[in-house]
Amino acid sequence: MNRSFSYIFYGIVILGVIGMVSRLFADPVGVLRNLLIFAAVAGIIFFAFKRLTKNQPGKRDQRAYVKAAKESKKRFKQRNQSKASGDKVASFSVAQNVKKSKNRKNSDIHLKVIEGKKGKKKNRA
């Protein structure tokens with residue numbers, strides 16, 4: 001089935017190419033005119049589609065994502081700058097306290113556990 005479909009598809013493509021080449025030799029101006037009309041209609045459809053899909057909610061979601069990414073980058077830069085601008089000469093105990101607080105900050109994971117009803121059986125009558 002799959003092999004016969006590919007033979008049929010390639011046969012149609014080959015016949016189309018033969019038809020285009022023969023028409024190109026028979027009427028080159030007509031082929032050029034048809035291509036220009038096709039390009040104009042495709043351009044009109046493209047611009048109409050772009051115009052109609054311009055203000056969809058997905059675009060707003062994308063803007064919100066870009067804004068959140070910028071804020072995240074700012075926060076990351078501020079955190080890196082504060083680390084770099086810290087005092088280079090610190091006592092050993094202060095350095096250990098900072099290291100412990102960093103570990104605590106990294107381990108804070110903001111996930112919410114949603115309790116399910118695992119013990120309850122569904123009534124599938």
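Atoms considered below: every heavy atom in the structure, side chains included; atoms not considered: hydrogens, waters and symmetry mates.
To the nearest 0.5 Å, the span separating OH on Tyr10 from CG on Leu15 amounts to 15.0 Å. The CD atom of Glu71 lies 6.0 Å from the NZ atom of Lys67; values are rounded to the nearest 0.5 Å.
At a threshold of 4.5 Å between side-chain heavy atoms, the hydrophobic network of Ile, Leu, Val, Met, Phe, Trp and Tyr places Ile37 and Ile45 in one connected group. Transitive grouping of hydrophobic side chains (ILVMFWY, heavy atoms separated by less than 4.5 Å) brings Phe25 and Val17 into a common cluster. In the hydrophobic clustering of ILVMFWY residues, with side-chain heavy atoms under 4.5 Å counting as a link, Leu35 and Val29 come out apart.
For the pair Ser22 (side chain) and Ile18 (backbone), a donor-acceptor distance under 3.5 Å is present.
In this structure, the side chains of Val31 and Asp27 stay at 4.5 Å or more apart for every pair of heavy atoms.
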Review point. When you look at Lys70 and Val66, which way does the side chain to side chain contact (heavy atoms under 4.5 Å, CB included) test go after all the steps?
Key: CA-CA 6 Å; Lys70 285 181 183 177; Val66 169; 4.0 Å; yes
